[in-house]
Each structure stands twice: as structure tokens, then as C-alpha cells.
Amino acid sequence: MTEFDRDGDALEPFFKAVRAAEVPAPGPDMLARVLAAAEAELDARAAPVRRPGRPGFFATFLRAIGGWPAMGGLAAATFAGVMIGVVQPASLVDQVSPWLMQLGLASEAEDAFSLDPDAGLALTFAAIEG
Amino acid sequence: MALDDLADVGDEALLVAYANGDRAAARVLTLRLTPRVLAQAYRMLGDRAEAEDVAQEAMLRLWKIAPDWRQGEAQVTTWLYRVVANLATDRLRKGRRMSGTDIAELPERTDAAATAPEQMQEDARAAALQAALADLPDRQREAVVLRHIEGLGNPEIAEIMDTNVRAVESLIARGKRALTAMLAPKREELGYDDD
């Protein structure tokens, strides 16, 4: 083995050559890109973050009842109730009237749904007396 | 704040100012740190284009970490050394091994010194060392470069490499032994015997 092999300092001329070697300086383009990246980061941080607002009444209600499927069912039930009230199906009146007249809760079949205001009370007494 | 006023401000204070939206601080840091980062990347990679990529990536990481920078834990330059070393090591791992670099392939110097035999010998030595460094294990190369080319002290190298001083000394010693073995056969052609 020679001196070169044994002595770590023998590497020093090589290190010195690398240290002395010309290193590239950043050009204006590179500096501009680095600075642009810095400013882009600032801009990105400064941009207002769109936070989700508090849910409104309707959204809260919708979530409370179980979402749009539940809303669909609710709408259908409401529509059905309104339609029954508006149309008053004749078959319903025909079937209920005799029973109401028998109980004395209605005087005439065609007036079956014009209930006596005291009819509920009379029905209650009738039930109590057996 | 004017750039002149910021010239004497430390790196860490500038980074905090930048994180708080000071664009002038970003300009000072760019002008101050980019040349150092590029030089380190170039010395590790030996290729300008790759060194520029690494330097830009390192600076971008600095901008991104600025809001979360923990003051007093590390110097900005130490942090950058670590980032550049890691990025350069990744590049070398990904296949661009400089061991294949032929001295004859090195770019020709265009200045007046290009023809001076001494300068050619210096260039040849630098190229030979770069090629040998590329064949070292990653940690040994990093330690040797930081110690003998970047000129850092062992405690700082230990901090950069996230290890202790004794481990750094061991890495450097083993790295230099390997370099010596690799360069010994070339000592004559590199003019070592003339020194």
C-alpha cells in the first residue's frame, strides 16, 4: 500500500478541487421562479377559505325528518289528506251515515257529516251507560 | 419593509416574517438562500439541470413549512442542507449514477483558464471525486460531502443527518477509506504523484 492508500489526507487535493470548482449561480429565471413560488404560497394562504355556513331552517328540518325520502312520504301523505278532504268520497258517507243515525248522532243521511255539537258528549254517555 | 432594512435580519426572523405575509422577506430569503442551495445540490449531483430542480424543490418546501416553522429548533440553513441532501440522494438512487461519468464528457471550460494544464488537472480530480462519491453508500456520501466539501462541523452534520457525532465520525471515516480505495488506482493519471 502506498502513502495514498493509508493517509486519509491524500483525498484533500480532490476535495479541494471540488470546492474550488465553479458552482453555477442561479439565473434570473430561476430566482424569479423561486420567488413566484413563495408568493403563490402566500396568496394561497391568504385566499379566504369558504367555510360551510350554518344550515338553515329547511336543511335542519329535512335532516331531522330523515332526508328527501322522508320528505317525499310526508308530501304524499299531505296531498292525500287534502284530496280526501276536498273530494269527500261518497262511499265513505254512505257507509258511515246509517251508523251515525242509529246512534242518534246525525238526523238525516244526507246530513251525516253535519254533526250535532253535543253528539260527542251523548256518545260518551251512551258508552258509559252501556 | 425595504430590502436594505432586511439585509441584516437573520434567516429565521425573515422566514417568520414571510409566514406572516411579508413579501419583501421572501425576496431577501430567495436571493440569500437559493445560491447556497443550488451550490450544495450541484456539488452533490454534478449536474446543473438536476441541481436546479432540487434547489427549487427545496425552496418550495421552505415556503410551505414557513407557517409551521418552530423557532429555535433548527437553523434554516441546517434544515435546507438536510432537505437538499435528501432530495439529491433520492435523485442519485433513481438511477442517475455518476459513477458512469467519464472525465472526457465533462463540459469544456470556456474561460481563459480552460487550457491551463493545472486547471485541467483540477477539473479531472473534481470529476473523479464526484464519480467516486456517487458510488458510496448514501449516508457515507452525505457525511463526507457535508464535512469535506460543504465544510460543516460534525455536530451540525449530526443534526442534519439526525444522528450523533460519533456516528458521523464513523460514516466519514468509512467513506474516506472507500474513496481512497477507489481513487488510488487513478492517482497517476490525476497527477497525484506530481503533488
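Chain letters run A, B, ... following the sequence lines, proteins first and then strands; every chain starts at 1. Since this is a predicted model, take the numbers as computed values, not measurements.
- Looking at A:Arg45, its side chain never comes within 3.5 Å of a backbone N or O of B:Gly21 through a donor-acceptor pair.
- Hydrophobic clustering, with ILVMFWY side chains joined whenever heavy atoms are under 4.5 angstrom apart, keeps B:Leu146 apart from B:Leu136.
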Please determine whether side chain to side chain contact (heavy atoms under 4.5 Å, CB included) holds for the pair B:Glu52 and A:Val34, giving the CA-CA distance in whole Å, both sets of side-chain angles, and the decisive distance to 0.1 Å. CA-CA 10 Å; B:Glu52 285 194 358; A:Val34 170; over 6 Å; no

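- Residues B:Tyr81 and B:Val83 do not share a hydrophobic cluster, clusters being chains of Ile/Leu/Val/Met/Phe/Trp/Tyr side chains in contact below 4.5 Å.
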For side chain to side chain contact (heavy atoms under 4.5 Å, CB included), just list the numbers for A:Leu11 and B:His148, CA-CA rounded to whole Å, side-chain angles, deciding distance to a tenth of an Å, and then say yes or no. CA-CA 10 Å; A:Leu11 290 171; B:His148 289 283; over 6 Å; no

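- Here the straight-line distance linking atom CG of B:Leu129 with atom NZ of A:Lys16 works out to 14.0 Å at 0.5 Å rounding.
- Using a 4.5 Å cut-off between heavy atoms, A:Ala25 contacts chain B through its backbone alone, with no side-chain atom that close.
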A:Leu42 vs B:Tyr18, test: side chain to side chain contact (heavy atoms under 4.5 Å, CB included). Steps then yes/no. CA-CA 8 Å; A:Leu42 278 185; B:Tyr18 163 72; 3.4 Å; yes

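- Cluster membership for B:Leu45 and B:Val84, using ILVMFWY side-chain heavy atoms within less than 4.5 angstrom, is shared.
- With a 4.5 angstrom heavy-atom cutoff, B:Leu60 touches chain A only via side-chain atoms.
- For chain B, the option among A:Gly27, A:Pro24, A:Ala44 with the highest count of heavy-atom pairs below 4.5 Å is A:Pro24.
- Annotation: residues 63-80 of chain A contacts chain B through no residue [non-hydrogen atoms, separation under 4.5 Å].
- Between the CG atom in B:Leu31 and the CG atom in A:Leu35 there is a gap of 8.0 Å [rounded to 0.5 Å].
- Closest approach of A:Phe14 to B:Ala128, counting heavy atoms only: CE2-CB, 4.5 Å.
- Under the 4.5 Å side-chain heavy-atom criterion for grouping Ile, Leu, Val, Met, Phe, Trp and Tyr, B:Leu179 is not connected to B:Met161 through any hydrophobic cluster.
- Residue B:Ile65 holds its CD1 atom at 11.5 Å from CD of A:Glu41, rounded to the nearest 0.5 Å.
- For the pair A:Phe15/B:Val144, a side-chain contact is recorded, criterion being any heavy-atom separation below 4.5 Å from C-beta on.
- Under a hydrophobic clustering in which Ile, Leu, Val, Met, Phe, Trp and Tyr are joined whenever their side-chain heavy atoms come within less than 4.5 Å, directly or via other members, B:Ile149 and B:Ile160 fall into different clusters.
- Annotation: side chain of A:Glu39 is in contact with side chain of B:Arg27 (closest heavy-atom distance under 4.5 Å).
- Residues B:Met59 and A:Met30 have side chains not in contact (no heavy-atom distance under 4.5 Å, counting atoms from C-beta outward).
- When side chains are defined from C-beta on, A:Val23 does not count as touching B:Leu38, because their heavy atoms never get closer than 4.5 Å.
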